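Convention: sequence-line order gives letters A, B, ...; per-chain numbering from 1. Remember, predicted model here, so these are calculated numbers, not experimental data.
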Protein chains: 6
Amino acid sequence: MKVVTIGEIMLRLSGEGFLRFVQADKFDATYGGGEANVCVSLANYGHDAYFVTKLPKHEIGQSAVNSLRRFGVKTDYIVRGGDRVGIYFLETGASMRASKVIYDRAGSAVSKADPSEFDFDRIFGDADWFHWTGITPAIGAGGRALISEALKAAKKHKVTVSVDLNYRKKLWSAEDAAKCMAPLMRYVDVCIGNEEDAEKCLGFKAGKTDVASGELELGAYRGMFAEMRDAFGFKYIASSMRESHSASDNTWSGIMYDGKEFYQSRKYQVRIVDRVGGGDAFASGLIHGLSAKPDFKRALDFAVAASALKHTVFGDYNLVSADEVETLLQGDVSGRVRR
Amino acid sequence: MKVVTIGEIMLRLSGEGFLRFVQADKFDATYGGGEANVCVSLANYGHDAYFVTKLPKHEIGQSAVNSLRRFGVKTDYIVRGGDRVGIYFLETGASMRASKVIYDRAGSAVSKADPSEFDFDRIFGDADWFHWTGITPAIGAGGRALISEALKAAKKHKVTVSVDLNYRKKLWSAEDAAKCMAPLMRYVDVCIGNEEDAEKCLGFKAGKTDVASGELELGAYRGMFAEMRDAFGFKYIASSMRESHSASDNTWSGIMYDGKEFYQSRKYQVRIVDRVGGGDAFASGLIHGLSAKPDFKRALDFAVAASALKHTVFGDYNLVSADEVETLLQGDVSGRVRR
Amino acid sequence: MKVVTIGEIMLRLSGEGFLRFVQADKFDATYGGGEANVCVSLANYGHDAYFVTKLPKHEIGQSAVNSLRRFGVKTDYIVRGGDRVGIYFLETGASMRASKVIYDRAGSAVSKADPSEFDFDRIFGDADWFHWTGITPAIGAGGRALISEALKAAKKHKVTVSVDLNYRKKLWSAEDAAKCMAPLMRYVDVCIGNEEDAEKCLGFKAGKTDVASGELELGAYRGMFAEMRDAFGFKYIASSMRESHSASDNTWSGIMYDGKEFYQSRKYQVRIVDRVGGGDAFASGLIHGLSAKPDFKRALDFAVAASALKHTVFGDYNLVSADEVETLLQGDVSGRVRR
Amino acid sequence: MKVVTIGEIMLRLSGEGFLRFVQADKFDATYGGGEANVCVSLANYGHDAYFVTKLPKHEIGQSAVNSLRRFGVKTDYIVRGGDRVGIYFLETGASMRASKVIYDRAGSAVSKADPSEFDFDRIFGDADWFHWTGITPAIGAGGRALISEALKAAKKHKVTVSVDLNYRKKLWSAEDAAKCMAPLMRYVDVCIGNEEDAEKCLGFKAGKTDVASGELELGAYRGMFAEMRDAFGFKYIASSMRESHSASDNTWSGIMYDGKEFYQSRKYQVRIVDRVGGGDAFASGLIHGLSAKPDFKRALDFAVAASALKHTVFGDYNLVSADEVETLLQGDVSGRVRR
Amino acid sequence: MKVVTIGEIMLRLSGEGFLRFVQADKFDATYGGGEANVCVSLANYGHDAYFVTKLPKHEIGQSAVNSLRRFGVKTDYIVRGGDRVGIYFLETGASMRASKVIYDRAGSAVSKADPSEFDFDRIFGDADWFHWTGITPAIGAGGRALISEALKAAKKHKVTVSVDLNYRKKLWSAEDAAKCMAPLMRYVDVCIGNEEDAEKCLGFKAGKTDVASGELELGAYRGMFAEMRDAFGFKYIASSMRESHSASDNTWSGIMYDGKEFYQSRKYQVRIVDRVGGGDAFASGLIHGLSAKPDFKRALDFAVAASALKHTVFGDYNLVSADEVETLLQGDVSGRVRR
Amino acid sequence: MKVVTIGEIMLRLSGEGFLRFVQADKFDATYGGGEANVCVSLANYGHDAYFVTKLPKHEIGQSAVNSLRRFGVKTDYIVRGGDRVGIYFLETGASMRASKVIYDRAGSAVSKADPSEFDFDRIFGDADWFHWTGITPAIGAGGRALISEALKAAKKHKVTVSVDLNYRKKLWSAEDAAKCMAPLMRYVDVCIGNEEDAEKCLGFKAGKTDVASGELELGAYRGMFAEMRDAFGFKYIASSMRESHSASDNTWSGIMYDGKEFYQSRKYQVRIVDRVGGGDAFASGLIHGLSAKPDFKRALDFAVAASALKHTVFGDYNLVSADEVETLLQGDVSGRVRR
């Protein structure tokens with residue numbers, strides 16, 4: 001399957017271990033971003049995964065490209081130019097101390113890109129799937145224009161489209177988000193988003209749910225999903241479910257709706273190594289699952305197991321193979337040494 | 001608020017991660033000590049925090065000064081001279097393996113300091129609060145003389161005085177401790193100490209409590225606190241409460257008594273990153289709380305939340321802001337990423 | 001007590017923290033192997049512990065020797081020659097992601113060694129105990145010949161013999177293992193092995209046990225141990241018991257049988273730092289316990305406590321002292337800082 | 001002496017050792033910038049050194065403040081606000097491979113600062129010296145306005161003013177530089193700049209000099225300095241002189257003119273550890289020298305020795321004491337161990 | 001230009017800095033090998049560079065693939081299978097202490113590969129250049145067969161062929177080398193080799209040259225090159241020239257002969273960061289130069305400048321761009337900071 | 001040969017690379033001291049090398065023991081007890097910036113040891129050589145008593161005795177040194193010391209020599225050696241000769257006198273990695289040379305080559321083999337890669 005994702009890849013600077021920002025004299029330099037993370041994961045699963053963005057010509061831009069190539073992503077469509085690579089600083093939390101992200105992404109090359117720099121017909125001509133997230137239109141006019149043109153081209157070439165709504169309050173208001181995102185939903189076949197995303201990006205509400213505690217009212221979700229489907233004609237709606245007991249321990253699961261059935265996956269207790277990119281691992285698992293599994297329930301099971309594993313992997317990227325996910329799906333959470 | 005603390009700051013040498021001493025080929029070099037830790041924490045909360053000690057003129061002494069300055073502590077009153085900076089080696093435990101401390105602090109500059117080297121009238125003339133611990137008199141004649149003169153000056157200038165009893169069996173016997181400490185209690189407004197401290201430093205006993213298991217008989221504590229108050233006239237008596245399930249997991253809370261009411265805080269489950277300095281974070285939280293909160297119960301709540309957070313921070317210093325403590329006080333222990 | 005162990009010591013290359021193999025740009029280089037691990041642990045307990053193997057003359061071979069010397073093992077009987085030091089790569093798992101081992105040990109110097117290179121009369125002339133594992137005959141003709149000659153010499157010199165069956169499916173088939181191992185059992189006084197080892201190496205079966213889940217049927221074990229004892233005349237049969245809840249948390253205990261009584265130790269909840277070498281720590285604890293403790297039950301208790309502690313120590317070697325094990329045996333799992 | 005410097009402090013991200021950007025998976029995080037570097041050095045020499053800038057409230061901004069406090073700089077006048085801390089990436093060269101800098105500083109808090117945010121009367125009221133560089137006006141309108149207002153206030157309070165012209169071609173054209181800088185020269189007492197700076201910032205030309213080779217025509221310099229003095233009325237004009245044999249080895253010296261005499265210092269052969277900040281170390285050495293030495297020649301000697309030493313210190317800051325410079329001034333370049 | 005190289009890529013394990021093997025507790029893990037190094041360098045210069053080899057399916061094999069992809073090499077033709085990745089350990093020397101290499105490469109997947117696993121018609125069908133080295137036939141029957149079949153296919157498809165003779169005395173005798181290599185020379189257009197290679201691999205002799213001292217008799221070389229050309233019909237013969245003053249400082253140049261003219265390049269003084277791969281950087285520079293430069297002299301100049309730069313880059317790979325080589329070719333060895 | 005050395009081994013804490021003390025957030029922890037360094041080097045050369053000292057029972061003491069065992073030193077005679085391990089902090093210089101040592105060794109276990117704790121008859125009964133340095137009597141009464149008793153026992157058992165005078169001005173005055181050292185010289189067969197040592201420890205003077213510059217007047221040395229020999233009856237007198245061009249580059253050689261001939265070795269240009277322990281490497285090379293070489297000139301040549309190599313090895317210990325020294329002795333300073 002040829003999969004395309006479009007968005008921003010950032011330089012991620014994280015202190016060592018659990019050091020606070022003010023203690024950090026070194027940063028681990030990795031790269032990540034919602035759409036890039038999905039792309040790496042799909043390359044791991046064996047797909048021809050293309051990441052599309054714009055990156056400066058200098059060596060930091062090149063390092064972002066190299067990071068993608070290293071893990072098998074095709075970078076042929078990446079445009080080179082512009083001034084800077086977006087950056088985010090990450091402080092890793094523990095116990096009741098939350099992880100913190102400081103964004104320094106304004107003015108990145110892709111946020112100022114022009115759609116004319118990309119040959120969307122070439123990109124989507126032989127593509128099977130296009131995935132994007134609500135972050136890209138939020139980063140600036142460049143991102144908005146890019147997604148808009150990409151969606152038209154994708155539809156023209158009959159490419160399946162998935163979106164992860166991913167509302168980011170630092171990037172735009174709910175009002176701006178809804179105004180931009182709602183019209184784009186008609187291009188979307190598979191919609192991923194939790195309650196907050198649905199409310200902020202699309203104006204929907206799941207009823208009373210306490211996001212911080214992670215206690216979820218499934219009934220409310222089911223109703224919200226049905227309404228969303230009615231409004232936008234999605235084929236599938238799905239969401240990962242995180243119950244945050246602390247920065248160190250979460251319960252992880254997922255729900256999905258196909259217009260008829262509402263399905264909830266099993267739950268995993270995760271001891272967290274790095275939870276950034278967990279949602280992206282869910283999205284990529286779902287895309288792979290829908291392409292490789294006989295029904296949407298098993299696709300969801302794959303997505304949940306894959307993204308549970310992501311929480312044990314350092315960095316944004318979910319560096320697990322389909323075989324490793326399958327092993328977990330077969331029920332072995334024992335973590336016994338494989339030799 | 002101008003706060004003064006007096007004591008010893010040591011070079012702390014800790015191996016990487018959970019390495020045992022005999023495996024360590026590198027040491028992380030940080031600085032800490034009960035009174036210095038309290039001072040850094042109070043500087044974080046926005047107070048004018050002065051740490052008073054004596055340190056050698058050489059670069060290891062300078063590095064201790066720099067470590068304090070870096071985190072906002074005023075070092076104007078630090079006297080330079082003497083031969084060595086006290087050292088402690090730290091091995092970080094996990095699960096049922098306890099952390100270990102090897103002290104190499106004998107002969108440090110401050111343990112041999114002379115009170116005449118310090119201008120206590122200048123130090124305390126415009127001060128609001130003076131905090132000290134039972135460690136300083138225990139490290140040697142210099143420390144004892146320093147505290148004695150400092151207490152007199154503090155009283156003269158009507159400075160509020162708090163003490164953390166902090167009994168250290170490697171430094172002195174219970175007999176010596178009691179002989180030295182009891183007479184100093186009349187200068188003290190706020191006394192912090194757990195059952196063992198009260199017994200060893202002041203001769204009190206809380207009844208049957210199993211320190212190792214951390215199961216506490218609150219009734220016994222209440223009685224002991226009342227007796228202590230009667231004997232020494234403290235305005236407040238407080239103690240942190242640690243239930244040690246293992247080197248990795250503790251339950252953390254605190255108790256406090258104002259002569260009328262005995263108050264117990266909520267309990268936090270802490271997954272430990274670094275528990276050294278937890279008690280000092282409690283003391284500094286209490287000092288800040290008593291100065292900023294409307295009643296002693298909320299002061300205790302602040303102290304307990306602040307020191308629970310300390311357990312997630314590497315090093316002796318509690319590098320958390322008052323805002324971060326407030327967020328935890330509002331009940332969110334979910335550890336969800338802040339972005 | 002003079003103890004001898006014979007086998008292969010490998011260079012262990014493990015990535016930093018929880019990094020996956022494909023992320024590792026650095027490897028921590030330590031050394032380990034079943035018999036070497038037992039030897040280091042016995043040296044820690046104060047025994048004259050000799051490790052016998054063959055290692056190349058080059059610096060990687062020398063580094064393996066140095067690693068043993070550093071922790072007190074006598075290396076006088078190590079023969080130098082051959083081409084390579086066996087290697088194993090280790091990826092450390094977390095939560096539901098299992099640790100992984102990639103072996104690169106074929107053709108190691110000891111796997112091709114000739115018994116004539118070793119003076120077994122000198123080695124065993126004044127020895128008290130000989131320990132070996134089922135790995136050494138599995139690595140090649142050299143290993144098999146070595147163990148065979150060593151066992152003869154040990155018996156000749158009336159040395160107590162213990163074995164850890166340690167079946168490794170990557171090294172040989174159950175059929176080959178049984179054919180080789182069964183005849184060697186007549187030299188053995190103390191046999192250590194879990195159900196899988198007994199089945200694969202000796203052809204025994206403990207009934208229905210789910211190794212992955214770690215739920216054990218003790219009744220079945222007791223029957224199997226009795227049969228094994230009848231068949232081979234072991235004085236003691238023992239096994240560690242691991243219940244793997246995840247790669248991060250295990251429950252650890254042990255069982256032992258002396259022909260009359262079947263004894264089960266207490267259970268420890270272990271938060272894992274490094275579980276490789278846990279079984280070897282059990283074996284060395286048992287050897288020390290049987291030599292130093294008044295009865296086999298207390299020997300087992302020592303072995304279980306010692307190997308529980310191992311799970312908190314980085315590397316293959318169990319770098320804990322007998323004193324530390326005793327402290328844990330007295331019941332203090334609180335992990336409170338020792339200062 | 002109370003010294004004030006105003007400018008931008010950046011987060012410096014440098015790879016380990018000589019790694020190229022595309023190899024760097026970790027960055028050392030330090031802080032630096034022309035005016036901040038001068039300030040740290042002057043604090044080392046014992047002056048009351050104040051650095052004035054604007055930095056975001058978040059933890060990266062705080063870390064920049066902490067870095068200054070750590071080394072004794074007064075940060076009381078730093079305004080907190082704005083969005084980002086400027087960044088520069090540094091790749092350290094060796095032999096014929098040059099070091100590389102990638103700037104990512106557009107939009108930093110200080111580049112958008114408003115002079116009204118600073119109380120220049122308070123800042124300069126009791127100040128003795130004000131140092132600035134040509135970089136600050138180049139970074140944006142905020143920087144230009146800041147310098148302009150600061151110079152007025154400095155003159156009003158009779159503060160000695162020094163400038164390091166520091167032309168940066170990535171920040172502005174020679175035309176823009178000259179238009180902005182020339183009018184500001186009337187506030188300047190001490191002007192530091194090499195031939196390229198003088199040409200690009202002020203329109204002067206030293207005749208034929210090959211900057212790359214570092215072969216200098218002193219006669220041409222003397223003439224240029226005389227003309228500059230005539231044009232702008234500087235009391236002193238000085239320049240460091242670098243002969244770049246390779247990225248690893250340079251020859252370092254300085255020249256200075258007081259309107260009557262043209263003086264050239266001795267030359268030092270430097271084996272380079274980190275040459276960034278070498279020019280700033282020259283400037284701070286000169287400021288200290290002019291305040292502490294009996295004549296301008298010895299001031300220059302101090303500046304050259306101090307900045308030669310800087311080349312052996314990692315990071316932008318010149319962490320050497322006045323005593324260490326004096327030792328070198330006395331002629332001992334032997335580098336024998338001091339114990 | 002589509003370029004193909006075939007050979008072995010090894011895991012390189014080097015200690016930190018100048019640590020000796022017996023001090024190394026960590027190894028930097030990079031990947032390299034003569035042909036892979038050439039391929040990475042050509043990818044850097046913008047060519048479609050394909051590396052052909054066989055690597056195990058496990059994660060160490062995958063990491064070797066990822067290392068190539070990261071730097072732009074096409075890995076489509078790499079066959080996956082076999083047991084192990086060859087390893088070499090590297091100790092970095094300094095001053096009069098030489099660097100040391102310990103090879104642990106016996107039995108690598110590619111050394112046992114079968115030509116039938118590769119589709120040479122597909123590989124060479126549209127290729128422009130094929131480069132190989134004398135190492136590949138030396139590692140085993142698999143390597144020999146691979147090269148033999150590859151050369152036939154390359155000739156069939158009219159691909160230009162270059163070889164770096166690269167005699168390795170640890171891998172085979174001069175006798176075996178000559179027997180194998182001489183017949184393969186008829187496929188070769190461009191032959192790279194120094195005096196020792198020519199003698200050991202082809203039986204030629206340059207007269208008296210002291211390899212250790214690096215003093216070279218150019219006249220003897222010219223004669224040898226002419227004889228070699230007569231014997232094998234090479235279009236070009238070239239050699240890099242290393243004068244080893246110490247492990248830290250070398251003089252580097254090159255010579256080349258086209259049947260008519262014998263040309264010697266300029267000499268570079270190199271302060272060494274990592275000299276492994278210097279010869280491979282020369283080969284790749286020559287291949288690029290011959291394809292991009294107007295005459296063979298400028299090709300040699302490019303090759304020498306490129307490989308001089310390699311000595312300043314950590315790892316086997318020459319991570320420099322063609323632009324960077326051009327800058328050096330223009331004569332700037334000053335190493336001034338590029339900003 | 002059984003060799004015994006007695007003295008103090010310290011924990012050495014050195015910052016990473018060229019970091020200054022005030023920049024160091026990590027310390028590399030190694031162990032060293034004059035006599036221990038000599039012992040490790042002799043173990044490397046294949047001798048039975050015993051280091052005698054007193055070290056605390058805690059883990060830092062144990063780590064010192066382990067460091068010696070790791071490199072083959074026999075630690076059987078080390079007494080365990082006392083409070084602390086001496087420490088020294090090391091800052092590594094570069095170019096004209098000198099390395100710095102801060103000693104924190106007062107009160108170490110061995111400085112307070114009592115000779116009665118050691119069984120000198122057992123230690124020296126079968127010994128061939130005893131080496132000590134002037135540092136041990138300087139560290140305290142314990143050290144003085146130890147050396148005094150050891151010398152008597154060594155003489156009693158006809159053990160050859162060598163001394164390295166090693167004057168340390170931080171430890172004692174020239175007056176105290178001379179009073180203590182001169183009487184001990186009658187036990188000494190081989191005396192090592194430079195001009196400063198001879199002057200300060202024994203009251204001799206070589207005439208005008210500028211130690212800092214390293215320009216040496218050999219004639220003066222010859223006269224001084226002859227006088228020293230006349231006064232104390234040494235069999236051999238030797239000294240290493242360091243010409244310090246900078247902290248990065250030295251010229252290294254040695255001189256020796258046997259009562260008849262005065263011999264000067266060849267000179268080595270050394271690019272310094274770590275010069276601490278260079279003198280100890282000279283002493284151990286001389287001891288080995290005198291035991292293994294046919295004449296004292298070749299012994300000196302060995303000593304100089306061995307200690308030149310030391311300058312390229314990190315840490316106090318000279319981790320080079322006799323074979324490596326021989327290779328250098330044969331004149332190859334080219335540093336070409338050994339593979």
Original post:
Can you say whether Glu324(E) sits under 4.5 Å from chain D via the side chain, the backbone, both, or neither, judging by heavy atoms?
Top reply: side chain
Original post:
If you count heavy-atom pairs under 4.5 Å between each of Arg338(E), Arg70(E), Gln269(E) and chain D, which one has the most?
Top reply: Arg338(E)
Original post:
Roughly how far, to the nearest 0.5 Å, is the CG atom of Asp332(E) from the OG atom of Ser246(D)?
Top reply: 11.0 Å
**OP:** Decide yes or no for Arg339(E) and Ile102(D): does some side-chain heavy atom of the first lie under 4.5 Å from some side-chain heavy atom of the second?
**Re:** no
Subject >> Lys2(E) NZ: over 12 foreign heavy atoms closer than 6.0 Å >> reply: yes
**OP:** Taking all non-hydrogen atoms of both residues into account, name the closest pair between Ala98(D) and Arg336(E) and its distance.
**Re:** CB-O, 3.1 Å
Original post:
Looking only at heavy atoms, which of residues 12-26 of chain D get nearer than 4.5 Å to chain E?
Top reply: Phe18(D), Leu19(D), Arg20(D), Val22(D), Gln23(D), Asp25(D)
Original post:
So does Arg168(D) have more than 12 non-hydrogen atoms from other groups sitting under 6.0 Å from CZ?
Top reply: yes
**OP:** Hey, could you give me the CG/OG distance between Asp249(E) and Ser248(D), rounded to the nearest 0.5 Å?
**Re:** 9.0 Å
Original post:
With a 4.5 angstrom heavy-atom cut-off, which part of Val337(E) approaches chain D: side chain, backbone, both or neither?
Top reply: both
Subject >> Proximal to chain D - members of residues 310-320 of chain E, heavy-atom separation under 4.5 Å >> reply: Thr312(E), Val313(E), Phe314(E), Leu319(E), Val320(E)
**OP:** Would you mind checking which part of Lys170(D) comes under 4.5 Å of any heavy atom in chain E, side chain (CB onward), backbone (N, CA, C, O), both or neither?
**Re:** side chain
**OP:** Could you look at Ala308(E) and say if it's the side chain, the backbone, both or neither that has a heavy atom under 4.5 Å from chain D?
**Re:** both
